[in-house]
Amino acid sequence: EDLLAAKGALFAVVDVPHVGLVVVGNTHLNAGSDHNVRLEQAEILLAALRELRAEVQSAGKSLAGVAVTGDWNIDGKFFWEIGTPYARLREKMEREGLAD
């Protein structure tokens, strides 16, 4: 049962030669039928990413990029339809400067 499985995210800041610092992340969101749970999990992930960005900036450095991958458990089949779980997730990501 997915309900009992631990979910989370993992981030690493990697210094890529000739590029700079890049945040690389991976996540696995809940697979249950309640899309709001996944959107809440995505919000937590984005908050953690904001904190990580702030830590990098407070160290006097800047990020060259961010890549977050994983099992989002959100169907992007109807990505153009407003209000779908995918569209709502994409809006949250775009507010953070991320793109799918």
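Heavy-atom basis, side chains included; hydrogens, waters and symmetry copies ignored.
The minimum heavy-atom distance linking N30 with N73 is given by the pair O-CB, 3.5 Å. A48 and F11 get closest at one heavy-atom pair: CB-CE1, 4.0 Å.
Using a distance-only test at 3.5 Å, with no hydrogens or angles considered, no donor-acceptor pair links the side chain of R88 to the main chain of L39.
Atom CG of D71 is separated from atom OG1 of T27 by 8.5 Å, given to the nearest 0.5 angstrom.
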Show the numbers, then the answer: is there a side chain to side chain contact (heavy atoms under 4.5 Å, CB included) between V13 and E55?
CA-CA 11 Å; V13 178; E55 285 181 37; over 6 Å; no
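Applying the under-4.5 Å side-chain rule to Ile, Leu, Val, Met, Phe, Trp and Tyr, the cluster around V19 extends to V14, V16, V22, V24.
For the salt bridge (charged side-chain N to carboxylate O under 4.0 Å, His left out) test, residues two or more places apart in sequence or in another chain that qualify with R90 are E94. For K61, there are no salt bridge (charged side-chain N to carboxylate O under 4.0 Å, His left out) partners two or more places apart in sequence or in a different chain.
Side chains of W72 and L45 form a contact here, defined as non-hydrogen atoms less than 4.5 Å apart. Side-chain contact between Q57 and L63 is absent, with no heavy atoms from C-beta onward closer than 4.5 Å. Between L49 and E96, every side-chain heavy-atom pair lies at or beyond the 4.5 Å cut-off.
Under a hydrophobic-cluster definition in which Ile, Leu, Val, Met, Phe, Trp and Tyr are linked whenever side-chain heavy atoms come within less than 4.5 Å, directly or via other members, L98 and L21 are assigned to the same cluster. Hydrophobic clustering of Ile, Leu, Val, Met, Phe, Trp and Tyr side chains at less than 4.5 Å, counting indirect connections, keeps I44 apart from L46. Cluster membership check: I74 does not share its hydrophobic cluster with V37, using side-chain heavy-atom separations under 4.5 Å among Ile, Leu, Val, Met, Phe, Trp and Tyr.
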